[in-house]
Protein chains: 2
Amino acid sequence: MVKRTSFEGDACPIARSLEAIGDWWSLLIIREALFGLRRFGEFQTKLGMAKNILTVRLRALVDHGILATAPASDGSAYQEYVLTPKGRGTFPILVALRQWSEEFDDRPAEIATILVDRKNGRPVRKLELRAENGRLLSQADTTVKPRPAPRRRSA
Amino acid sequence: MVKRTSFEGDACPIARSLEAIGDWWSLLIIREALFGLRRFGEFQTKLGMAKNILTVRLRALVDHGILATAPASDGSAYQEYVLTPKGRGTFPILVALRQWSEEFDDRPAEIATILVDRKNGRPVRKLELRAENGRLLSQADTTVKPRPAPRRRSA
DNA sequence: GGCAATTGGTTTTATTATGCAACCACACAG
DNA sequence: CTGTGTGGTTGCATAATAAAACCAATTGCC
C-alpha cells in the first residue's frame with residue numbers, strides 16, 4: 001500500500017487531531033461554519049473550492065463527528081451542515097493558528113481581520129496555558145508524561 | 001495550472017498559517033523539534049516517514065522561517081535543523097490540537113501521553129482565551145473585525 | 001591511510017489526492 | 001411541465017505522496 005499514511009491508530013493526540021482536521025480545507029470549512037455558514041453552496045462560493053472536494057471534505061467531517069447534517073432550517077427540502085460540540089471545540093485551534101499568523105507572519109499588513117471581544121470590540125489576549133494553580137506556563141515549563149491509570153471502566 | 005490552491009495571498013490569518021504548517025507532516029516535525037530532535041535521521045526514524053518527503057518538508061519549513069539549519073553542535077560536519085522563535089511560537093497550536101483530541105477523541109484510551117507542568121508533574125489547564133481585562137471568553141463572546149488603521153505606508 | 005558503515009539525501013516509479021469542467025438529478029417557481 | 005438554482009457526481013489532467021533503490025560525503029575503526 002502506498003496510501004497517504006494515516007495517523008488513526010497513533011498514540012499521539014496531535015497526530016490524532018491531524019487525522020481529522022489536518023488537511024488543507026477542513027479547518028477553513030470549520031472556520032466558516034463557526035461564522036454561521038451552513039449550506040453546501042455557501043461554503044463553495046465563500047471558499048472558492050471545487051465542489052467535488054467540498055463534497056469529500058464535508059462527508060469526512062460528518063464521519064468524524066465534527067459536522068452533522070440537519071434536515072432543513074428555512075423550510076426547504078435541502079439539508080444543512082451544522083457544527084457539533086466537537087466541531088465547536090476546535091475554536092482554540094483556530095485561535096492559536098490566527099494568533100501565530102498575527103505574531104510571526106512575514107507580511108502582517110496583509111492580514112485583514114482581528115479577533116475581538118464582542119462586548120467592547122477590543123482585541124483579545126493571547127491564549128494562555130496555565131498550571132493547575134493558575135501559574136502561566138511556557139513551552140519550557142511543560143513536559144509530556146505517559147497517561148496515568150486508565151480508570152477501570154469502559155472509558 | 002491545476003496546482004494545489006495556495007493561501008499565500010489570502011487575507012485570513014488562519015489560511016496563512018495553514019499555508020505554512022497546514023499539511024500532514026509539518027506539525028509533527030515541529031512537535032519532534034520541540035522535543036529536542038535536530039537531525040535528519042532522528043526525524044526520519046522517529047516519524048517513520050519517507051526520506052524524500054522529509055527532505056521536502058524540512059526545506060519548506062526552513063523557507064518559511066520555522067526551522068533554521070545550524071552548522072553542527074556535536075562537532076560533526078553534518079547540519080542540524082533547529083526551531084526559530086517563529087517555530088517555537090507554534091506551541092499553542094500544538095497544545096490546542098492535543099487538548100482537542102483529549103476532549104473529543106472517540107477512543108481517548110488510545111492517547112498515550114498527557115501534557116504536564118514540569119514542576120510538579122500535574123496536568124495543565126485547558127488553554128484560556130481572555131479579554132483585555134482578563135475575562136474568560138468562549139467562542140460566542142468573540143467576533144472578528146477588520147484590522148484597524150494600517151499605519152500609513154504602501155500596503 | 002584504507003575500508004565499511006552511517007548519514008543525508010536524490011531518483012525512479014507507483015499510487016493517491018486535488019482541481020477543473022462538464023454533466024445530472026431533484027427541488028422549486030412560474 | 002418548463003426553466004432555473006441547488007447540490008451534488010463523473011472524467012480527466014496534474015500535482016503531491018510514498019516506497020524503494022541508489023549515491024556521495026562523512027565517520028568510525030583499524
Side-chain angles (χ1 to χ4, degrees), chain A residues 1-10 15 18-29 32-33 36-64 67-82, chain B residues 1-10 15 18-29 32-33 36-64 67-82:
Chain A
M1 275 210 294
V2 200
K3 278 177 83 162
R4 179 145 123 189
T5 60
S6 161
F7 303 126
E8 200 170 344
D10 202 295
L18 293 176
E19 173 70 21
I21 55 174
D23 68 275
W24 286 85
W25 290 112
S26 294
L27 276 170
L28 294 176
I29 292 171
E32 297 303 330
L37 300 201
R38 297 162 155 256
R39 296 285 283 257
F40 185 95
E42 289 179 320
F43 290 112
Q44 204 259 315
T45 56
K46 190 81 195 303
L47 292 171
M49 65 190 292
K51 298 200 289 178
N52 51 350
I53 308 292
L54 178 57
T55 302
V56 172
R57 286 286 159 266
L58 287 175
R59 236 191 292 276
L61 289 170
V62 170
D63 286 348
H64 277 102
L67 292 176
T69 52
S73 147
D74 65 336
S76 83
Y78 298 115
Q79 66 177 353
E80 295 183 339
Y81 297 90
V82 296
Chain B
M1 276 213 291
V2 200
K3 275 178 85 163
R4 180 145 121 186
T5 60
S6 160
F7 305 125
E8 199 170 344
D10 203 296
L18 293 177
E19 173 69 23
I21 54 173
D23 68 275
W24 284 84
W25 290 111
S26 295
L27 277 170
L28 294 176
I29 293 170
E32 298 302 329
L37 299 202
R38 298 160 156 258
R39 298 283 284 260
F40 185 93
E42 288 179 321
F43 290 113
Q44 204 259 314
T45 56
K46 191 81 195 304
L47 291 171
M49 65 190 295
K51 298 201 291 180
N52 52 353
I53 308 293
L54 178 57
T55 302
V56 172
R57 284 287 157 267
L58 287 175
R59 238 192 291 278
L61 289 170
V62 169
D63 286 348
H64 277 100
L67 291 176
T69 53
S73 149
D74 64 337
S76 82
Y78 297 115
Q79 64 177 355
E80 296 183 340
Y81 299 89
V82 296

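What you see is a predicted model, and the numbers here were worked out from it, not measured in a lab. In what follows, every chain begins at residue 1, and chains take the letters A, B, ... in the order their sequences are listed.
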Between [N] atom [atom2] and [X] atom [atom1], what is the distance in whole Å?
| X | N | atom1 | atom2 | result |
| --- | --- | --- | --- | --- |
| A/Ile53 | C/dT16 | CD1 | P | 16 Å |
| A/Gln44 | C/dC20 | CD | C1' | 11 Å |
| B/Glu80 | D/dT26 | CD | P | 16 Å |
| B/Trp24 | D/dA18 | CH2 | P | 9 Å |
| B/Met49 | D/dA16 | CE | C1' | 12 Å |
| A/Asp23 | D/dT17 | CG | P | 12 Å |
| B/Ile29 | D/dT17 | CD1 | C1' | 13 Å |
| B/Leu54 | D/dA16 | CG | C1' | 16 Å |

- Reading nucleotides 5-12 of chain D from the 5' end, what letters show protein touch, with B for base, S for backbone sugar-phosphate only, - for no heavy atom under 4.0 Å? BSBBBBB-
- Task: For residues B/Ile29 and B/Leu54, determine if any side-chain heavy atom of one lies less than 4.5 Å from a side-chain heavy atom of the other.
- Result: yes
- Message: Over 60° means perpendicular and under 30° means parallel, so tell me whether B/Phe7 and A/Trp25 are parallel, tilted or perpendicular.
- Response: perpendicular
- Of the listed nucleotides D/dA19, D/dT17, C/dG19, the one nearest the side chain of A/Trp25: C/dG19
- Nearest 0.5 Å, what's the CG-CG distance between A/Asp23 and B/Leu18? 9.0 Å
- Value rounded to 0.5 Å, distance of CZ in A/Arg39 from OG1 in A/Thr45: 11.5 Å
- Given B/Leu61, B/Thr55, B/Val56, the one that forms side chain to side chain contact (heavy atoms under 4.5 Å, CB included) with B/Arg59: B/Thr55
- Query: Closer than 4.0 Å, any side-chain N/O of B/Arg57 to the OP1 or OP2 of D/dT17?
  - Reply: yes
- Message: Looking at A/Phe40, is its backbone amide N or carbonyl O close enough to the side chain of A/Gln44 to form a donor-acceptor pair, meaning the two atoms are under 3.5 Å apart?
- Response: no
